[in-house]
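Sequence positions, counted from 1, serve as the residue numbers for this chain.
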Amino acid sequence: MGLKASLRRFIGKPGTANLGRQQSLAASAGELEAELEALDDDALRDRYDALWGPMDTKAELREFCAVLREAARRTIGERPFDVQLQGALGILDGTVVQMATGEGKTLAGAIAALGMTARGRRVRVMSVNDYLARRDAEWMAPLYRLLGVEVGWITAGIDHDQRKAGYAADICYGSVSEIGFDLLRDRMRTSVDERVQTDADALIIDEADSVMIDEAKVPLVLAGSLPVGDDGGSMAEIVSQLTKTEDYQTSDDGLQVNLTDIGLTRVEKLLGVDNLYAEGNELLLTKINVALYAETLVQRDIDYIVTDGAVQLVDANRGRVAQRQRWPDGLHAAVEAKEGLEVTDRGEILDTITVQALIKKYDLVGGMTGTATSAAEQFRGFYDLETGEIANNTPCIRTDDPDRIFVDDDSRDAAMVALIKQVHDQQRPVLVGTHSVAGSERIAAMLTEAGIEPAVLNAKNDTEEAEIIARAGRIGAVTVSTQMAGRGVDIKLGADADEHDQVVELGGLLVIGHGHYHTRRLDDQLRGRSGRQGDPGSSVIFVSLDDDPTTAAFQVRSTEVDEDTGEISAARVADEVEHAQRITEGALLDTHRNSWNYSQQLESQRNDVAGYRDRVLKDDLAATEFARLRADRWKELSEDVPVEVLNEAARQVMLHELDKVWSEHLAFADELREGIHLRALGRETPLMAFHAACDNAYRELRDGLLDRAAAAFDDAVITADGLDEEASGMERPTSTWTYMVDDMAFGSPEDRFLQALGGVIRHAVRAD
């Protein structure tokens, strides 16, 4: 980074990256347009090939923009606007650019990817889900082919060889979870040839805030099978006999539940124990708390759905099924028990990685999203990335109306349905954004009762999302959808040009929010579905004082409430609602920052282990060490076992022990993290105490690794055929699977510490 750029960043506010240079370069590309249109495909490809290299002069970048504009026009029928070329150049420079919905982010990302390839980089394009990864790769494939660049994609459903081919391409599209999971799986390979990922040094992230902020709240996990055991069935039966208020109480924010003294006595009687808080009963207490949480606070059709006999989590940010996600700490099993389902394997964690750590592995990172600037502080703080806004190609003329606020849910929903019916009678299209499956179904049922048949998009039918959203801008359409963030599908007005003009005359798409989301960024993503490329449109959010962001239960004067509708007229209350949302945003940022702080040391240790494991995998390091540490056994074995077989057996023994101690270290760190806040009672700083304990444990791991591996080598059964894993007790998991674990399911560990402390204090008072 140059001195001027560093100074500008130091004094500049996040979200204000200067993209003026890119704007002028994009504009100047028009001077070459007529010349390039006259070339045939081969000549156009030659012009692109001639750019390969640093490509950093103004003349080269102007040529690049012009060549890509013509190539896109020929292949996918879209002539990039200047703003798209400007966005592509910003991404190419390692910036997260904000481009409004409908402004062509997908093409801008493809152009940036071709620029990175021309500079000699291998590129990955990361999105939020498999659908978008495959769609965009196939959509942009003709552009890549014309210029002689190979493109691939990966999704959850493809096999090992298909993955390998996808990653081998010059540019590979994939979801954040699949790319992360493949990295974890590759780390556990016992042969270099089994790895699917190739080295890549450049990353472009579509829907960047969804990937880098929303998805980053949950780590990616690789697990191996363990026996199921009793992870909640009997406890679920016990807590189902408890009654609210008498036996347990929940907090106002819905994050905590506590047994009352009466409830504690009842549970102890049902369990047959004298004192649930006595030493030795910690596991019982934990299982009861988990089962109680599952029974009372985890809600079906809001937090999860049940399909095909399985519990599937619902992504709170997008209202869709969170593929291969599960809860930790036995909560998933407890919910399965609550629903009367077969409890699934819990698994032994073999490795994990955070989204932040995954992204930071790339030398060059850029991205695009419709709401980058509102997340600029987090992009800078967590990823060291700057953010800049690209002006719309056509000014946005959407009208965003003030919130309409009501005293309760019933009043709010009735007013929403009345407005939708009024607008629908005019045949103007309406899009309603809700927070949950239950919310979408409630509004849909009310609309049906009012004589309107809406299209519903939620976690139960998200496979149909592209078709449902594509129709949302048509005459008379009413669409009810859970969170629109990260869906990546454009809403165009009308089915054709004539219908487009009719919808424009009606005022365009009306977007209605069923309450505010926990961040303004998600509200803005919903609003941004209207007013695409200069089209008219409007948005309004209907708020109830029962909504989560407004749990402060503001004092409302009776004179400020319409007695017939329950609508509140006071601007003061609107300010309070906005303030409550800002508080929620701050709490989420603190949670993200706290998780980030705790993950840094573990990631450093992970990199150290991975580096050592690579040396074992690629070289004869294990054979050298065992020949040194166990010379007698190595002379003995080498008499009957061919040297290459013995070297490979040594490698497998070392890999087994290394993977085992790393898995044990992860389990230790997880348990340590859960209880570290007890250190605060001794006036220690929990974060510093965690780092110190984790560092000591890791030093012991590294110091004792060779001795442990050598001892395992002593007991290993090695023949001329190689290592007998079963006879040596070194069998690897019979199956592995990946998932994303929501480690904030119970609130933060700090919250849980205070909750547990409260229980201990109450019990002590009762005992006295």
Report task. Indicate whether the side chain of Thr373 and that of Gln98 have a donor and an acceptor atom separated by less than 3.5 Å. Result -> yes
Query raised in the report: Roughly how far apart are Leu522 CG and Glu585 CD, rounded to 0.5 Å?
Result: 9.0 Å
Report task. Could you tell me whether the side chains of Asp206 and Ser127 share a donor-acceptor contact shorter than 3.5 Å? Result -> no
Report task. Determine, for Arg702 against Asp608, whether the closest basic-nitrogen to carboxylate-oxygen distance falls under 4.0 angstrom. Result -> yes
Query raised in the report: Would you call Ile302 and His435 a side-chain contact if the rule is heavy atoms closer than 4.5 Å?
Result: no
Requested in this report: Determine, step by step, whether Gln525 and Thr371 satisfy the side chain to side chain donor-acceptor pair (under 3.5 Å) criterion, reporting the C-alpha distance in whole Å, the side-chain angles of both residues, the deciding distance to 0.1 Å, and the verdict.
Outcome: CA-CA 7 Å; Gln525 288 179 357; Thr371 47; 2.8 Å; yes
Query raised in the report: Can you check whether Tyr383 reaches Val355 side chain to side chain, under 4.5 Å on heavy atoms?
Result: yes
Query raised in the report: Looking at Ala17 and Glu386, what are the two nearest heavy atoms and their distance?
Result: CB-CB, 4.2 Å
Query raised in the report: Could Asp590 and Arg593 be called an ion pair, given the rule that one side-chain N must be under 4.0 Å from one carboxylate O?
Result: yes
Query raised in the report: Can a donor-acceptor pair be found between the side chains of Gln197 and Tyr167 at a distance below 3.5 Å?
Result: yes
Query raised in the report: Are the side chain of Asn696 and the backbone of Ala692 linked by a donor-acceptor contact shorter than 3.5 Å?
Result: yes
Requested in this report: Determine whether Tyr598 and Ser595 make a side-chain contact, defined as any pair of heavy atoms from C-beta on separated by less than 4.5 Å.
Outcome: no
Query raised in the report: About how many Å separate OH of Tyr173 and CG of Leu132, when rounded to the nearest 0.5 Å?
Result: 11.5 Å
Query raised in the report: How about Val128 and Val176: do any of their side-chain heavy atoms sit closer than 4.5 Å?
Result: no
Query raised in the report: Are the side chain of Ser663 and the backbone N or O of Lys660 linked by a donor-acceptor pair below 3.5 Å?
Result: no
Requested in this report: Give a yes or no on whether the backbone of Ser210 and the side-chain of Glu215 come within a donor-acceptor separation of less than 3.5 Å.
Outcome: no
Query - Smallest separation among heavy atoms of Val577 and Ile405, with atom names - result: CG2-CD1, 4.0 Å
Requested in this report: Take Leu364 and Met116 through the test side chain to side chain contact (heavy atoms under 4.5 Å, CB included) and record every step on the way to the result.
Outcome: CA-CA 9 Å; Leu364 175 64; Met116 292 176 179; 3.7 Å; yes
Report task. Mind checking the CG-CD spacing from Asp301 to Gln299? Nearest 0.5 Å is all I need. Result -> 10.0 Å
Query raised in the report: For Arg606 and Thr352, does a side-chain donor sit closer than 3.5 Å to a side-chain acceptor?
Result: yes
Requested in this report: To the nearest 0.5 angstrom, please state how far the OG atom of Ser175 sits from the CE atom of Met126.
Outcome: 8.5 Å
Query raised in the report: Taking it one step at a time, do Asp303 and Leu313 satisfy side chain to side chain contact (heavy atoms under 4.5 Å, CB included)?
Result: CA-CA 6 Å; Asp303 302 299; Leu313 276 64; over 6 Å; no
**Report entry** Beyond-backbone contact of His332 with Val311, side-chain heavy atoms, under 4.5 angstrom
**Finding:** yes
Query raised in the report: Is there a donor-acceptor contact under 3.5 Å linking the side chains of Asp400 and Ser539?
Result: yes
Query raised in the report: Atom CD1 in Ile390, atom CE in Met99: separation rounded to 0.5 Å?
Result: 6.5 Å
Query raised in the report: If you take all heavy atoms of Arg124 and Ala200, which pair is closest and at what distance?
Result: CZ-CB, 3.6 Å
Query - N-O pairing of Arg520 and Asp523 below 4.0 Å - result: no
Query - Value rounded to 0.5 Å, distance of CE in Met212 from CD1 in Ile205 - result: 4.0 Å
Query raised in the report: Is it the case that Asp93 and Gln22 place a side-chain donor and acceptor less than 3.5 Å from each other?
Result: yes
Query raised in the report: Can you tell if the side chain of Lys360 reaches within under 4.5 Å of the side chain of Val365, non-hydrogen atoms only?
Result: no
Query raised in the report: Would you say the side chain of Leu602 lies within less than 4.5 Å of the side chain of Cys694, judging by non-hydrogen atoms?
Result: yes
Query raised in the report: Would you say the side-chain atoms of Glu700 and His665 include a donor-acceptor pair closer than 3.5 Å?
Result: no
**Report entry** Ser604 side chain vs Gln600 backbone, donor-acceptor pair below 3.5 Å
**Finding:** no
Query - Check: Asp409 main-chain N/O paired with Ser544 side-chain donor or acceptor under 3.5 Å - result: yes
Report summary line: Looking only at heavy atoms, the pair that brings Asp403 and Arg527 closest together is OD1-NH2, 4.1 Å
Query raised in the report: Do Thr685 side-chain atoms and Leu687 backbone N/O form a donor-acceptor pair below 3.5 Å?
Result: no
Query raised in the report: So, for Ile154 and Asp130, which heavy atoms are closest and what is the spacing to 0.1 Å?
Result: O-OD1, 4.4 Å
**Report entry** Salt-bridge criterion met for Arg185 and Asp351 (N-O under 4.0 Å)
**Finding:** no
Requested in this report: Using a strict 4.0 Å threshold on nitrogen-to-oxygen distance, state whether Arg521 and Asp209 make a salt bridge.
Outcome: yes
Query raised in the report: For Ile353, which of Leu358, Val221, Leu222 qualifies under side-chain contact (heavy atoms from CB on, under 4.5 Å)?
Result: Leu358
Query raised in the report: Are Gln249 and Asn258 close enough that some pair of their side-chain heavy atoms sits under 4.5 Å apart?
Result: no
Report task. For Thr354 and Ala357, indicate whether the former's side chain and the latter's backbone hold a donor-acceptor pair under 3.5 Å. Result -> yes
Report task. Could you tell me whether the side chains of Asp547 and His514 share a donor-acceptor contact shorter than 3.5 Å? Result -> no
Query raised in the report: Which heavy atom in Val437 sits nearest to a heavy atom in Ile305, and how many Å separate them?
Result: CG2-CG2, 4.2 Å
Query raised in the report: side chain to side chain contact (heavy atoms under 4.5 Å, CB included) between Leu220 and Phe181: does it pass, once the steps are laid out?
Result: CA-CA 7 Å; Leu220 288 74; Phe181 290 148; 3.7 Å; yes
**Report entry** Any donor-acceptor pair under 3.5 Å from Tyr362 side chain to Ile204 backbone
**Finding:** no
Query raised in the report: Just wondering, more than 12 heavy atoms not from Glu664 lying within 6.0 Å of its CD?
Result: yes
Requested in this report: Evaluate side chain to side chain contact (heavy atoms under 4.5 Å, CB included) for Gln581 paired with Thr519, printing each intermediate quantity in order.
Outcome: CA-CA 7 Å; Gln581 189 180 46; Thr519 71; 5.7 Å; no
